[in-house]
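For this chain, numbers begin at 1 and follow the sequence in order. In each ligand, atom 1 is the first atom listed, and ligand 1 is the first ligand listed. Just so we're clear, the structure is a prediction, and the values are computed from it rather than from any experiment. Values below: all heavy atoms of this structure, side chains included; hydrogens, waters and symmetry mates excluded.
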Amino acid sequence: MTVTVTDAETDVLVIGGGGTGVGIARDLAMRGVSVTLVERNGLGQGTSGRSHGLLHSGARYAESDPEGARECVPENRILKDIAGECIRDSGGYFVQVAGDDPAYFDEKLEACRKVGIDAEVRSGDAARRTVPALSAAVERVMEVPDGSIYPSRLVAATAASAHACGATIRPHVGVTDIHTDGDRVTGATIEDTSVGGTSASGGNEERIDAEHVVNATGAWAGRLGELAGLDIEMQPAKGVMVAIDVDGLDRVLNRCREPDDGDIVIPHEDQVVLGTTSVPVNDPEAYDRADWEVERVIEECASMLPNLRGRDPARTYWGVRPLYEPNDAEREQRGISRGFF
Ligand SMILES: Cc1cc2nc3c(=O)[nH]c(=O)nc-3n(C[C@H](O)[C@H](O)[C@H](O)COP(=O)(O)OP(=O)(O)OC[C@H]3O[C@@H](n4cnc5c(N)ncnc54)[C@H](O)[C@@H]3O)c2cc1C
């Protein structure tokens, strides 16, 4: 039998301990708001710890989403300023390989400059002097201030900072019910999800009352919404990342073409992480992890770095994008916005 044992109160209850949740908790705590964050797993174990780790300069979406790209410029600067230990400020190249549409390159260059992203064109030979492993088929590159970010480190540091400012951070605590008074959300029922936690042994639950409840559950936002009787039309999409032992790459590489499978290479310490795919899934946890995704990503990235061909992955992992798209017609498209709603 489950018993509700403790009543706690907070101004704001944040549900979800990924980048979004810990960032919100830190911001509120810095403003003196009483805030409690609960995360049913470890911090950053959702999508945040499974992302590619590209610190966007904004160039990737400059022509398709200029507003989002413009936001990246100060975000990139602020993150380098306040979280430099979580970033490798490598810079990046958008790479045009023989056969890629040169008009796309020119359009991106113009769009970058329009939104204020530093972008300089270099010849293929100049780029190969910096990155000798680049393919001979690389015709030209656009140098932009992309970088690598270590998301787990950033989530941990942000949570520690939130805690230092007075936030209560509770990993391994999941929300099992949302309370409403008919019109508004008033709190939640939580349970311990740690190994040996009380719920696992059929034990106690807690009730937390809150003035405001923030749903920061990413790809799970629809499921949490259901607990409050809300319909949030999430369209989660999985993507694979492939880590390969390669030392010495010191630039982020993006293939300069319409976003597609296998067009990004990110240097992470003594590995590079290749990605990714974008395949709609119905369930953000139970989905197929397909070999074709791994093979395709290696093959495509090898168009930029031929020495990747035939290499065994050191590690593969999948993440699920928290995409929101109320229009079902968009479901199959890579074009679902990465913006905020
Ligand atoms: C393949 C892939 C590659 C990506 N690459 C990049 C990149 O290179 N650069 C970039 O900037 N972005 C990238 N992204 C996007 C980025 O990772 C996400 O936008 C970001 O991590 C979302 O963070 P979040 O906090 O909203 O979600 P999450 O990190 O998923 O956090 C949500 C948390 O809510 C928790 N939760 C769910 N239900 C409950 C509950 N009932 N009770 C308590 N907790 C609950 C989950 O356990 C989870 O930890 C990528 C995404 C994917 C999938």
*Asks:* Any heavy-atom pair between the side chains of C256 and D100 that's under 4.5 Å?
*Replies:* no
*Asks:* Restricting to non-hydrogen atoms, name the atom on I178 and the atom on A228 that form the minimum distance, rounded to 0.1 Å.
*Replies:* CG2-CB, 3.7 Å
*Asks:* Considering M241, R40, E285, which one's heavy-atom position lies nearest to atom 1 (C) of ligand 1?
*Replies:* M241
*Asks:* Tell me the nearest of P171, G218, S51 to atom 17 (O) of ligand 1, using heavy-atom distances.
*Replies:*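 Among P171, G218, S51, the closest heavy atom to atom 17 (O) of ligand 1 belongs to S51.
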*Asks:* Can you name the nearest heavy-atom pair linking E205 to T189, along with the distance?
*Replies:* OE1-CG2, 3.5 Å
*Asks:* Below 4.0 Å from ligand 1: does a non-hydrogen atom of G53 turn up there or not?
*Replies:* yes
*Asks:* Any side-chain heavy atom of E285 within less than 4.5 Å of one from V320?
*Replies:* no
*Asks:* Would you say that W292 contacts D261 through its side chain, given a criterion of any heavy-atom pair below 4.5 Å between the two side chains?
*Replies:*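 Yes, at least one pair of side-chain atoms sits under 4.5 Å.
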*Asks:* Going by the closest heavy atom to atom 28 (P) of ligand 1, which one wins out of D177, T47, T193, I24?
*Replies:*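 Residue with the shortest heavy-atom distance to the ligand atom: T47.
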*Asks:* How close do H52 and L274 get, counting heavy atoms only, and between which atoms?
*Replies:* NE2-C, 3.5 Å
*Asks:* Can you give me the closest heavy-atom contact between K108 and Y61, atom names plus distance?
*Replies:* NZ-N, 4.5 Å
*Asks:* Looking at I87 and Y150, what are the two nearest heavy atoms and their distance?
*Replies:* N-CD1, 4.2 Å
*Asks:* Quick test of your reading of the structure: of R50, R60, E39, whose heavy atom lies closest to atom 49 (O) of ligand 1?
*Replies:*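 Heavy atom nearest to atom 49 (O) of ligand 1 belongs to E39.
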*Asks:* Taking only non-hydrogen atoms of A219, do any sit less than 4.0 angstrom from ligand 1?
*Replies:* no
*Asks:* Please work out whether any backbone atom (N, CA, C, O) or any side-chain heavy atom from C-beta onward of R223 is under 4.0 Å from ligand 1, and answer side chain, backbone, both or neither.
*Replies:* neither
*Asks:* Between V320 and ligand 1, which residue portion shows a heavy-atom distance shorter than 4.0 Å: side chain, backbone, both, or neither?
*Replies:*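 The answer is the backbone of V320.
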*Asks:* Find out if a path of hydrophobic residues (ILVMFWY) with successive side-chain heavy-atom gaps under 4.5 Å connects V173 to V185.
*Replies:*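 Yes, V173 and V185 fall within the same hydrophobic cluster.
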*Asks:* Are the charged groups of E299 and R309 less than 4.0 angstrom apart, N to O?
*Replies:* yes
*Asks:* At less than 4.0 angstrom from any non-hydrogen atom of N41, what atoms of ligand 1 do you find?
*Replies:* 47 (O)
*Asks:* Which atom names give the shortest non-hydrogen contact between A25 and L37, and what distance separates them?
*Replies:* CB-CD1, 4.0 Å
*Asks:* Distance to 0.1 Å, residue and atom name: give those for the protein heavy atom nearest to atom 8 (O) of ligand 1.
*Replies:*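 Atom 8 (O) of ligand 1 sits closest to the protein heavy atom L54 N, 2.8 Å.
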*Asks:* Report, in ascending order of atom number, the atoms of ligand 1 lying under 4.0 Å from any heavy atom of R321.
*Replies:*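 Checking each atom against R321, I get 1 (C), 51 (C), 52 (C), 53 (C).
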*Asks:* Does the side chain of V252 reach to within under 4.5 Å of the side chain of S148, using non-hydrogen atoms?
*Replies:*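 With C-beta onward as the side chain, the pair touches.
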*Asks:* Within the 4.0 Å heavy-atom shell around T276, which atoms of ligand 1 are there?
*Replies:* 1 (C)
*Asks:* What atoms in ligand 1 come closer than 4.0 Å to a heavy atom of G16?
*Replies:*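 Close to G16: 33 (C), 34 (O), 35 (C).
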*Asks:* List the closest protein heavy-atom neighbour of atom 26 (O) of ligand 1: residue, atom name, distance to the nearest 0.1 Å.
*Replies:*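 The closest one turns out to be T20 OG1, 2.7 Å.
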*Asks:* For ligand 1, note which part of P151 has a heavy atom under 4.0 Å away: side chain, backbone, both or neither.
*Replies:* neither
*Asks:* Considering the heavy atoms of G174, write down every atom of ligand 1 situated less than 4.0 Å from one of them.
*Replies:* 42 (N), 43 (C)
*Asks:* Just jot down the ligand 1 atoms closer than 4.0 angstrom to any heavy atom of G239, in number order.
*Replies:*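 Numbered from 1, ligand 1 contributes 1 (C).
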*Asks:* How far is atom 41 (N) of ligand 1 from the closest protein heavy atom, and which atom is that?
*Replies:* V175 O, 3.2 Å
*Asks:* Measure from the side-chain N and O atoms of R255 to the backbone N and O of M304, and report whether any donor-acceptor pair falls under 3.5 Å.
*Replies:*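 No; zero donor-acceptor contacts below 3.5 Å.
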*Asks:* Looking only at protein heavy atoms, which one is nearest to atom 20 (C) of ligand 1, and how far off is it?
*Replies:*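 Going atom by atom, the protein heavy atom closest to atom 20 (C) of ligand 1 ends up being S48 OG, 3.9 Å.
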*Asks:* Would you say atom 15 (C) of ligand 1 touches the protein, meaning some protein heavy atom is under 4.0 Å from it?
*Replies:* no
*Asks:* Can you tell which part of L224 has a heavy atom less than 4.0 Å from ligand 1: side chain, backbone, both or neither?
*Replies:* side chain
*Asks:* Quick one: does L230's side chain get under 4.5 Å of N215's, heavy atoms only?
*Replies:*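 Counting from C-beta outward, L230 and N215 never come under 4.5 Å.
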*Asks:* Students should be able to answer this: which protein heavy-atom is nearest to atom 5 (N) of ligand 1, and at what distance?
*Replies:*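 Ranked first by proximity to atom 5 (N) of ligand 1 is H52 N, 3.1 Å.
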*Asks:* Side chain, backbone, both or neither: which applies to T217 and ligand 1 if a contact is any heavy-atom pair less than 4.0 Å apart?
*Replies:*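 Both of them.
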*Asks:* May I ask you to decide whether D283 forms a salt bridge with R223, counting only side-chain N to carboxylate O separations under 4.0 Å?
*Replies:* yes
*Asks:* Within a distance under 4.0 Å of any heavy atom of I15, pick out the atoms of ligand 1 and give their elements.
*Replies:* 42 (N), 43 (C)
*Asks:* What do you think, any protein heavy atom under 4.0 angstrom from atom 12 (N) of ligand 1?
*Replies:*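 It does not: no protein heavy atom is found less than 4.0 Å away from atom 12 (N) of ligand 1.
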*Asks:* Does K238 reach ligand 1, in the sense of a heavy atom lying below 4.0 Å from it?
*Replies:*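 Contact check K238 vs ligand 1: negative.
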*Asks:* Less than 4.0 angstrom from a charged side-chain N to a carboxylate O is my criterion; do R31 and D27 meet it?
*Replies:*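 Yes.
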*Asks:* Can you list the ligand 1 atoms lying under 4.0 Å from a non-hydrogen atom of G46?
*Replies:*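 What qualifies from ligand 1 is 29 (O), 30 (O), 48 (C), 49 (O).
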